[in-house]
Amino acid sequence: QVQLVESGGGLVQPGGSLRLSCAASGSIIGINQAGWYRQAPGAQRELVATITNGGRTNYADSVKGRSTISRDNARTVILQMNSLKPEDTAVYYCNANIRSLDRVGTRSDDYWGQGIQVTVSS
């Protein structure tokens with residue numbers, strides 16, 4: 001069974017940095033497009049950054065220049081966040097379209113992680 005597991009969240013002071021990791025477990029071939037999203041209390045879930053299979057990246061204006069999304073290996077996607085602000089406080093979710101094998105061949109499915117809390121506060 002394929003799962004996405006996020007790690008690296010926590011409490012950080014304004015101006016600090018965090019490195020969020022999203023690791024895919026289970027029998028997979030690889031990760032197609034992946035992204036990070038976040039949801040603050042009382043707000044809708046919003047896109048933070050995405051990365052394609054070819055490495056093309058896209059960022060929300062609110063994090064552009066302060067964040068970097070990358071692939072660590074075939075199973076892991078990283079979000080490096082710097083110069084963090086209190087308004088970055090949210091639950092961060094990893095999303096990935098993952099290739100796997102079933103009885104008839106290759107398939108691609110979307111998965112979400114369980115979410116991880118990031119709190120920026122002094």
Side-chain angles (χ1 to χ4, degrees):
Q1 183 177 359
V2 176
Q3 287 185 319
L4 293 178
V5 179
E6 299 112 334
S7 61
L11 173 65
V12 63
Q13 291 188 341
S17 298
L18 278 178
R19 184 175 185 265
L20 301 184
S21 177
C22 172
S25 64
S27 298
I28 72 168
I29 298 172
I31 298 176
N32 296 324
Q33 178 155 322
W36 286 91
Y37 295 74
R38 66 187 182 187
Q39 187 166 18
Q44 290 187 329
R45 190 174 297 188
E46 63 177 8
L47 180 145
V48 177
T50 60
I51 185 167
T52 68
N53 198 15
R56 183 173 297 178
T57 58
N58 179 56
Y59 298 93
D61 289 342
S62 59
V63 304
K64 200 172 292 184
R66 301 188 294 121
S67 298
T68 303
I69 187 171
S70 62
R71 295 172 179 269
D72 190 35
N73 53 49
R75 290 179 171 267
T76 307
V77 178
I78 303 294
L79 181 68
Q80 176 69 41
M81 297 190 296
N82 303 318
S83 302
L84 283 161
K85 306 174 182 179
E87 50 263 43
D88 293 318
T89 295
V91 177
Y92 283 69
Y93 296 90
C94 176
N95 169 260
N97 184 267
I98 294 177
R99 299 190 310 278
S100 61
L101 281 175
D102 64 12
R103 292 187 192 180
V104 297
T106 303
R107 60 183 294 164
S108 292
D109 299 284
D110 280 337
Y111 294 88
W112 286 91
Q114 78 285 358
I116 191 164
Q117 179 69 44
V118 170
T119 302
V120 184
S121 175
S122 55

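Note that the structure is predicted; figures quoted are calculated from it, not measured.
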Asker: Under 4.5 Å between side-chain heavy atoms, hopping through other hydrophobics if needed: is there a path connecting Val120 to Leu79?
Answerer: yes
Asker: When you check the side-chain N and O atoms of Arg38 and Ser62, is any donor under 3.5 Å from an acceptor?
Answerer: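 Distance-only check passes for Arg38 and Ser62.
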Asker: State yes or no: do Ile31 and Val2 share one hydrophobic cluster built from I, L, V, M, F, W and Y residues joined by side-chain heavy-atom distances below 4.5 Å, directly or via other members?
Answerer: yes
Asker: Over all heavy atoms of both residues, which pair between Gly8 and Ile116 is shortest? Give the atoms and the distance, please.
Answerer: N-CD1, 3.6 Å
Asker: Would you check if Ile29 and Leu101 make a side-chain contact, meaning some heavy-atom pair closer than 4.5 Å?
Answerer: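 Side chain of Ile29 against side chain of Leu101, heavy atoms only: contact under 4.5 Å found.
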Asker: Let me check something: do Ile69 and Leu18 share a hydrophobic cluster, defined by ILVMFWY side-chain heavy atoms less than 4.5 Å apart, either directly or through other members?
Answerer: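 Yes, Ile69 and Leu18 fall within the same hydrophobic cluster.
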Asker: Tell me the closest heavy-atom pair linking Ala90 and Ala40, and the distance in Å.
Answerer: CB-N, 3.8 Å
Asker: For Pro14 and Ser122, which heavy atoms make the closest approach, and how far apart are they?
Answerer: CD-N, 3.6 Å
Asker: Would you check if Arg99 and Asn53 make a side-chain contact, meaning some heavy-atom pair closer than 4.5 Å?
Answerer: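 Side-chain contact under 4.5 Å: yes.
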Asker: Do Trp36 and Met81 have side chains that get closer than 4.5 Å, going by heavy atoms?
Answerer: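 They are not in side-chain contact.
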Asker: Does a side chain donor of either Thr89 or Glu87 reach within less than 3.5 Å of an acceptor in the other side chain?
Answerer: no
Asker: State plainly whether the residues Arg66 and Asp88 are in salt-bridge range, i.e. N to O under 4.0 Å.
Answerer: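 Looking at Arg66 and Asp88, the cut-off is met.
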Asker: What's the separation between atom CZ in Arg71 and atom OG1 in Thr76, rounded to the nearest 0.5 Å?
Answerer: 10.5 Å
Asker: Report yes if some heavy atom in the side chain of Asn95 is under 4.5 Å from a heavy atom in the side chain of Tyr111; otherwise report no.
Answerer: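 Contact flag for Asn95/Tyr111 side chains = no.
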Asker: Treating Arg75 as the side-chain partner and Gly26 as the backbone partner, does any N or O pair qualify as donor plus acceptor under 3.5 Å?
Answerer: yes
Asker: Less than 4.5 Å apart, any side-chain heavy atom of Asp110 and any of Trp112?
Answerer: no
Asker: Compare all side-chain heavy atoms of Gln13 with those of Ser121 and state whether any distance is below 4.5 angstrom.
Answerer: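 No, every pair of side-chain atoms sits at 4.5 Å or beyond.
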Asker: Indicate the atoms forming the closest heavy-atom contact of Ser17 with Asn82, along with that distance.
Answerer: OG-OD1, 2.9 Å
Asker: Once rounded to the nearest 0.5 Å, what's the spacing between atom CD1 of Ile98 and atom CG of Asp109?
Answerer: 8.5 Å
Asker: Please report the shortest heavy-atom distance between Thr57 and Tyr59, naming the atom on each side.
Answerer: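 Here Thr57 and Tyr59 meet closest at OG1-CE1, 3.5 Å.
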Asker: How close do Ile51 and Ser70 get, heavy atom to heavy atom, and via which atoms?
Answerer: CD1-CA, 3.9 Å
Asker: Cluster question for you: counting only ILVMFWY and a side-chain heavy-atom cut-off of under 4.5 Å, with indirect links fine, are Leu4 and Ile78 together?
Answerer: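 No, it is not one cluster - the side chains of Leu4 and Ile78 are not joined through contacts under 4.5 Å.
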Asker: Side chains of Gln114 and Glu6: does their closest heavy-atom pair fall under 4.5 Å?
Answerer: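 Yes. Closest side-chain heavy atoms under 4.5 Å.
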Asker: Is any side-chain heavy atom of Arg45 closer than 4.5 Å to one of Tyr93?
Answerer: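 A side-chain contact exists here, since the closest heavy-atom pair is under 4.5 Å.
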Asker: Establish whether Val91 and Val77 are linked, either directly or via other cluster members, by ILVMFWY side-chain heavy-atom contacts under 4.5 Å.
Answerer: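 Per the 4.5 Å side-chain linkage, Val91 and Val77 are not co-clustered.
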